[in-house]
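Every heavy atom of this structure was used, including side-chain atoms; hydrogens, water molecules and symmetry mates were not.
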Amino acid sequence: MEKKQLKRLPVGIQTFSEVIDLDCLYIDKTEYIWNMIHLGKYIFLNRPRRFGKSLLLSTLQAYYEGRKDLFKGLFIETVEKDWTEYPVLRLSMASGKHMEKDQLERYLLNILQENERRLGISSDSKDPNVRLKNLIFSAYEKTGKKVVVLIDEYDAPLLDVVHEKETLPVLRNVMRNFYSPLKASDPYLEFVFLTGITKFSQLSIFSELNNLKNISMRSDYAAVCGITEDEMLTQMTDYIDDFAEAQQITREEAIEGLKQQYDGYHFTWPSPDIYNPFSLLNAFQDHDYTNYWFGSGTPTYLIEMLRKYNVVPSKIGGRLVLASAFDAPTENIKDITPLLYQSGYITIKEYDRASKLYTLDIPNTKIRVGLMESLLPNYVNEFYVEGGTTIGCMYLALLKEDLDEMFRLLQSYLLTVPYCDNANSEGHYQQLLYVIFSLFGRYVEVEVHTPTGRVDIVMKTAKALYLFELKLNMSAQAAINQIDLKDYSSKFALSGLPIVKVGINFDPERRTIGDWKVTT
């Protein structure tokens, strides 16, 4: 049977016209665009990086430039009759990172110059604020049409300094001044759309733009970016089959694997299951499960903020909060939750309408593993590379159900690691094991409540359920005795898996495992 010819996947392509001209696969989002442009004049959307925001902006640009030929067969072609051409300003802040005040102002001027050249307008003002105002008015005057302003990643210049008390206010003022002409230019504007990762307060960035409509948590725009499970199963069905064939697995196994690795996002509730498009497209192209999202760059600001707020790895997910705790401005935050949510490291998993409480957790396996890899250096200092190798060998030992070998490897490795802060606390080792077990890609939870107490760590594999009790400067047998005395096993009797009890004693002087004991 001849193999079906698949359309090219638009990996790395963020320009709508290029996607269409190259006859790439395009998941039709134009119905959302049609609804959005009739919703209001000033629209804001925040989504994590690599979620298709730039492609969405590029599609809006093509629409407002009247490029009807690009929309053949798409929803918007069936409803739009006029196809009016407007002057469009495309302002991308994506590259405006790691800059001082003067550099940022020059960067803004360069963006404006690019738009001026495209629209055939000249200006010599050295003030980005004035230049934007003049550009909007000049474009309106030259074409007789109101101007469309599309701002991509409005917050990019601020993200990497969000943890810096002195630098953030300076750069925030630069961006506030730059955006301020939007309000005064209202008579000359047709539509303004802004995207970003985080949500800075309207007062701090758009102090006068009081009619900015935020669609980020509206259920009717839940899938405006990303790929829904339904879109994957219908519009990408042939790619699933292709992936399954390459992996030598069934279609059902491929769907389940893709779901575990890349699904799990919800930006409101109720919401369809949303897949990260960057990861999913790369997986289909490479026929492999890889951590594409984390591989494209772990933001330094996130790791810095996790350290600043002393967030231990096991406390990143599993949060029960009100919307105001995560759909909140990221500057002057007192808690890491808004940054974790808006950056895509935790997402909505459930919502209780009566209490108005949302359950936030890590979206999927790849995000969990990527986060733990980023946090591992906090526990092993510069010995991270050796740690990765050791963890890989530990995982192989676990697959063989050889826990003695697994702990021998960890014991030897920890002896080579220099002193870490808090290495004399049980909590330090609990979090270290949580990180390692998470890197195995297994279900792992700490401080699991039972009727008689709390289990330090629970880990589930395909073959067994492991209950870990940790002690510091005591004995592994004492740990096993506590598991038995408090009958922790009874809580998990209906799990359907054999229960393995593991007692571990850490030696604070040698900063490694003293002894361990494994029983059933």
Between the side chains of D28 and T30, is a donor N or O closer than 3.5 angstrom to an acceptor N or O? yes
Are the ring centres of Y434 and Y429 closer than 6.0 Å? no
Go through the steps to decide whether K199 and D327 satisfy the test salt bridge (Lys or Arg N to Asp or Glu O under 4.0 Å), and finish with yes or no. CA-CA 8 Å; K199 179 183 175 183; D327 184 34; 3.7 Å; yes
Look at the side chain of S216 and the backbone N and O of N46, then say whether any donor-acceptor pair between them is shorter than 3.5 Å. yes
Any donor-acceptor pair under 3.5 Å linking the side-chain atoms of E447 with those of Q430? yes
Please tell me whether Y63 and F16 form a close aromatic pair, meaning their ring centres lie under 6.0 Å apart. no
Distance only, no hydrogens: is a donor on one side chain within 3.5 Å (strictly under) of an acceptor on the other, for Y26 and Q235? no
Using a distance-only test with no angle check, is there a side-chain donor-acceptor pair under 3.5 angstrom linking S314 and Q431? yes
Stepwise ring-ring contact (aromatic ring centres under 6.0 Å, His included) check, Y289 with F243: CA-CA 10 Å; Y289 299 110; F243 183 89; 5.1 Å; yes
Could you walk me through whether D242 and R251 pass the salt bridge (Lys or Arg N to Asp or Glu O under 4.0 Å) check? CA-CA 9 Å; D242 182 58; R251 176 183 169 88; over 6 Å; no
Less than 4.0 Å between a side-chain N and a carboxylate O, is that true for R319 and D335? yes
Does the cation-pi check pass for R49 over W293, that is, NZ or CZ under 6.0 Å from the six-membered ring centre and within 45° of its axis? yes
Salt bridge flag under 4.0 Å for residues K517 and E469: no
Carboxylate-amine/guanidinium contact E229 K259, below 4.0 Å: yes
Minimal heavy-atom distance between C24 and P10, with the atoms involved, is CB-CB, 4.0 Å
Only residue of V192, N214, T195 satisfying side-chain contact (heavy atoms from CB on, under 4.5 Å) with F44 is N214
Heavy-atom closest pair (I33 atom, I76 atom, distance to 0.1 Å) is CG2-CD1, 4.1 Å
What residue among F468, Y395, Y466 forms ring-ring contact (aromatic ring centres under 6.0 Å, His included) with F437? F468
Taking ring-ring contact (aromatic ring centres under 6.0 Å, His included) as the definition, give me every residue that meets it alongside Y42, ordered by chain and number, with sequence neighbours left out. none
Please name all residues satisfying ring-ring contact (aromatic ring centres under 6.0 Å, His included) with Y351, sequence neighbours left out, ordered by chain then number. Y358
Under the salt bridge (charged side-chain N to carboxylate O under 4.0 Å, His left out) rule, what pairs show up with a residue in residues 217-227, not counting sequence neighbours? R218-D220
